[in-house]
Amino acid sequence: MENSETENRAIRVLSDLDAAFRRHPDISEFDILPVKEPESNRSPIIVAELALGMELWSARLVYIYCYGKLMKWRSHASGCHLLHSTRSVDAARNILEPPELLRLSRAVILINPECYSIWNIRKELLQEKHVSVYEELKLSALVLSKHPKSPETFAHRKWILSLSCFGADIVDNSQIEPNQSGNPSLRVSHIIPRVMKLSTEELKALINEEMRVCTMAAEKYANNYNAWSHRIWVIINLFNCNKQFIMAEYENTRSYVSMHVSDHSGFHYRQFLLSNAEQTSSILQQELDFISELISVYPGHEALWYHRRFIIHAMYNLQNISKSDAVIDTSSSTEGEDLLIPYDYQTVNVMDHCLVPQSSKCAKKLKIDDSGILKSEITKIELIIDSEPDNSWQQQLAKAYMKWIKQYQSRT
Amino acid sequence: MGTPVKDVELKDSAPQNLLLDKHVAYIEAYSAKKDEYEYVMTEYLRMSGIYWGLTVMDLMGSLDRMSREEVLDFVKGCQHECGGFGASIGHDPHLLYTLSAVQILSLYDGVSSVNVEKIIEFVSSLQQPDGSFYGDKWGEVDTRFSFCAVACLALLKKIDAINVDKAVNYVLSCMNFDGGFGCRPGSESHSGQIYCCVGMLSILNRLHHVQADMLGWWLCERQLPSGGLNGRPEKLPDVCYSWWVLASLKIIGRLHWIDRDKLVRFILACQDEETGGFADRPGDMVDPFHTLFGIAGLSLLGERQIRGVNPVFCMPEDVIKRIGVSMQLL
Ligand SMILES: [Zn+2]
């Protein structure tokens with residue numbers, strides 16, 4: 001069959017792309033350059049240092065060509081099992097060999113990584129060892145440099161990581177506090193142990209690389225939900241919420257959130273870490289001091305005020321847990337006196353029940369603001385509200401926070 | 001010192017009336033045009049795209065402008081032997097597109113034209129021992145998939161094909177201190193995920209687990225000075241959150257907590273007066289996704305020219321009534 005002129009151009013661009021990967025195996029950045037029409041005879045594939053650029057007009061050509069070939073192959077000749085089969089008799093003509101599948105799919109996912117079936121083709125090729133785990137992690141990291149929030153790319157990485165660590169298909173085996181009462185908690189429990197195939201060193205290297213990729217993605221796109229959720233997934237599922245690692249992450253992310261004071265997802269990550277660290281009230285106090293300083297240095301950032309809610313909530317629960325531990329059970333507590341067991345609903349989580357006054361559980365679980373955490377917080381916030389110019393964003397955020405804390409107080 | 005509020009400003013020149021005819025024309029033209037690159041680029045979500053287009057047409061009383069036969073043939077052609085549906089011919093089966101397919105079939109009262117037994121088999125096979133759901137055989141877990149599975153089975157009247165208690169427990173394990181839900185245990189609260197979790201609990205009659213006041217509070221704080229809603233703190237307002245936030249508020253009985261008039265003004269400002277359709281924010285490019293959620297949001301806010309929308313399934317209320325699916329609303 002004759003190729004059209006457009007097809008021939010697409011084939012030329014694709015082979016330029018392949019050549020770029022061959023010549024520069026360490027490419028770590030990818031971008032599509034906003035060049036809508038070919039401007040000269042030079043190739044639309046440009047490599048500068050470790051960055052790969054592809055002109056927009058050529059991305060369109062290449063995408064249509066590669067995607068078309070893959071889909072034709074996928075729906076006719078391969079493992080496609082449609083109920084109402086449209087498989088053609090000339091399936092043989094649609095056979096594509098693994099190297100061809102790899103280069104076509106690489107081009108497609110660089111341009112459109114949400115095209116999930118293309119990732120699946122690569123998963124099958126990885127299972128059949130036509131591509132290595134290392135290569136696949138490298139490629140998906142490259143994709144994230146251009147598409148830092150791509151959910152399918154993170155999903156692909158999770159699958160590869162599970163495969164390398166456990167050999168079986170991915171299992172998200174985490175569960176936070178099994179509960180019937182809607183217990184709000186970030187504390188992870190009930191991790192089903194699985195046999196780790198990697199040595200400690202290998203695992204650490206893998207996880208460090210994952211942290212690097214997540215930070216890269218977070219820096220490229222603020223409030224990157226998928227990047228931070230992926231990071232949390234890694235810590236839970238691959239590293240069993242390792243306490244040492246969690247403390248190291250807690251220290252390491254301090255500078256990130258200080259420099260990204262509007263990144264609510266980054267602060268949420270610290271909430272996750274705090275909830276799963278072995279810690280005392282002094283750590284929470286330290287975090288409160290930290291956030292108080294950020295709030296005064298960087299006025300008007302919602303993320304900071306939301307993080308403050310979490311800290312107060314955690315401090316408040318810690319105070320009440322220590323107390324109820326002391327009263328209810330002194331014999332079984334061997335884990336240290338001031339240990340945080342955040343929001344275990346059986347002992348402290350009263351907020352939801354107390355909204356319903358007739359709840360019988362409510363009376364038993366009544367909490368008292370003994371240490372005056374909420375009271376002193378209200379005094380501090382009143383000062384901020386008074387000192388800020390009327391209707392400034394900072395003042396509005398402080399008022400919203402005040403409303404929240406008063407509602408919180410009224411529930412106890 | 002500039003205040004760093006992340007919001008947009010509505011111009012006086014922005015549309016203030018609902019341009020229904022324009023939107024009907026926009027969706028009709030969109031489904032006819034197969035402009036190469038855009039069409040090919042969005043093929044991986046075609047099934048959902050068709051659901052968005054058909055639903056918004058039905059809500060605007062214009063479903064008859066679409067080709068029932070053509071759509072049903074397409075949907076039928078996307079079912080795999082395992083029972084699940086791919087987004088398009090050549091794409092792999094996935095829960096996301098299986099739900100879209102079932103929603104399309106339900107709109108057209110055409111469920112019997114596919115193998116329903118197989119769909120149920122596919123959906124229930126994706127449930128895991130911890131109650132969560134894989135999106136497909138490759139194992140990604142997300143509370144969105146819990147919603148897809150439960151919504152799918154509810155529309156097919158086969159909820160008992162899964163372990164309901166475990167499914168509920170898993171979703172509850174994704175609840176945060178702010179009353180919201182994330183995609184997995186430990187993940188940040190997100191309005192889209194909240195809609196999925198609250199919707200799923202509504203179908204299963206388990207809304208008593210939700211901390212409605214606390215969650216309602218958080219959802220209302222999504223409203224920005226422009227009137228628009230964002231999906232999480234520190235994000236820009238976006239028309240699609242008029243759906244996810246509003247529908248969640250409706251399900252937990254706190255829709256009246258937001259400023260209705262300001263939100264209506266924001267949604268209307270996202271219309272494109274020339275092309276028809278809604279964009280995520282005023283002045284951006286329109287698309288069928290935001291057009292559906294703009295129209296559905298206005299429906300929840302009581303706009304009389306639009307048919308009533310069901311807050312859990314994002315489908316016309318009378319379709320849900322016809323099928324006879326029940327759900328809990330607070
Ligand atoms: Zn949107």
Side-chain angles (χ1 to χ4, degrees), chain A residues 60 63-64 67 71 74-75 80-84 86 112 114-117 120 123 155 158-159 162 169-179 181-186 188 223 225 228-229 232-233 236 262 264-265 268 272 300-303 306 310 313 343 351-352 355 392-393 400 404 407, chain B residues 1 3-6 36-37 40-41 43-45 76-82 86-87 89-92 94 114-115 118 128 130 132 135 137-141 169-170 172-179 182-190 208-214 217 221 232-235:
Chain A
R60 292 174 176 228
Y63 187 85
I64 289 172
Y67 175 83
M71 280 296 130
R74 191 76 169 163
S75 50
C80 175
H81 304 290
L82 287 171
L83 261 185
H84 308 275
T86 50
N112 185 6
E114 296 329 302
C115 205
Y116 68 104
S117 304
N120 294 348
K123 290 189 184 80
K158 285 194 209 90
W159 178 81
S162 294
D169 278 357
I170 193 170
V171 179
D172 189 314
N173 57 7
S174 61
Q175 232 190 345
I176 288 184
E177 305 293 286
N179 63 75
S181 77
N183 167 41
S185 160
L186 288 175
V188 177
N223 286 296
Y225 190 86
W228 292 101
S229 290
I232 289 170
W233 178 90
I236 297 175
S262 267
H264 186 263
S265 305
H268 170 84
F272 164 77
H301 290 272
E302 200 178 17
Y306 270 80
F310 171 82
H313 171 71
Y343 342 122
M351 297 180 57
D352 49 341
L355 293 173
S392 67
W393 187 232
W404 178 86
Q407 196 196 28
Chain B
M1 200 174 60
T3 49
V5 194
K6 293 205 180 67
E36 266 208 90
Y37 189 58
V40 177
M41 279 290 273
E43 198 168 79
Y44 73 90
L45 49 70
K76 236 162 87 176
C78 292
Q79 190 175 21
H80 289 246
E81 272 172 16
C82 64
I89 310 289
H91 281 278
D92 296 350
H94 195 287
V114 299
N115 189 328
K118 284 267 175 195
Q128 300 308 302
D130 66 359
S132 67
K137 67 170 182 174
W138 299 106
E140 176 76 352
V141 168
N169 263 350
Y170 182 77
L172 293 180
S173 77
C174 301
M175 191 195 276
N176 291 318
F177 90 100
D178 51 26
C183 61
R184 283 181 298 272
S187 285
E188 184 188 355
S189 295
H190 181 296
H208 61 280
H209 293 303
V210 172
Q211 306 191 0
D213 280 340
M214 181 129 63
W217 182 284
E221 285 186 320
R232 290 180 279 145
E234 301 276 6
K235 300 288 285 181

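All values reported here derive from a predicted model rather than from experimental measurement. Residue numbers start from 1 in every chain, and the chains themselves are labelled A, B, ... in the order their sequence lines are given, proteins ahead of strands.
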Highest number of heavy-atom pairs under 4.5 Å with chain A: which of B:V40, B:N115, B:V114, B:D92? B:D92

No-hydrogen, no-angle side-chain donor-acceptor test under 3.5 Å, A:Y306 and B:E221: yes

Going by atom types only, do B:E188 and A:H264 share a side-chain donor-acceptor pair under 3.5 Å? yes

I need the residue from B:K118, B:K235, B:H190, B:R232 with the largest number of non-hydrogen atom pairs under 4.5 Å to chain A. B:R232

Applying a strict 4.5 Å limit to non-hydrogen atoms, the region of A:Y225 in contact with chain B is both

Among B:G86, B:C82, B:A87, B:G182, which has the most heavy-atom pairs under 4.5 Å with chain A? B:A87

Candidate pair B:S189 and A:H268, rule side chain to side chain contact (heavy atoms under 4.5 Å, CB included), full reasoning: CA-CA 9 Å; B:S189 295; A:H268 170 84; over 6 Å; no

Taken in chain and number order and not counting sequence neighbours, the residues that satisfy ring pair (Phe, Tyr, Trp, His ring centres under 6.0 Å) with B:Y44 are none

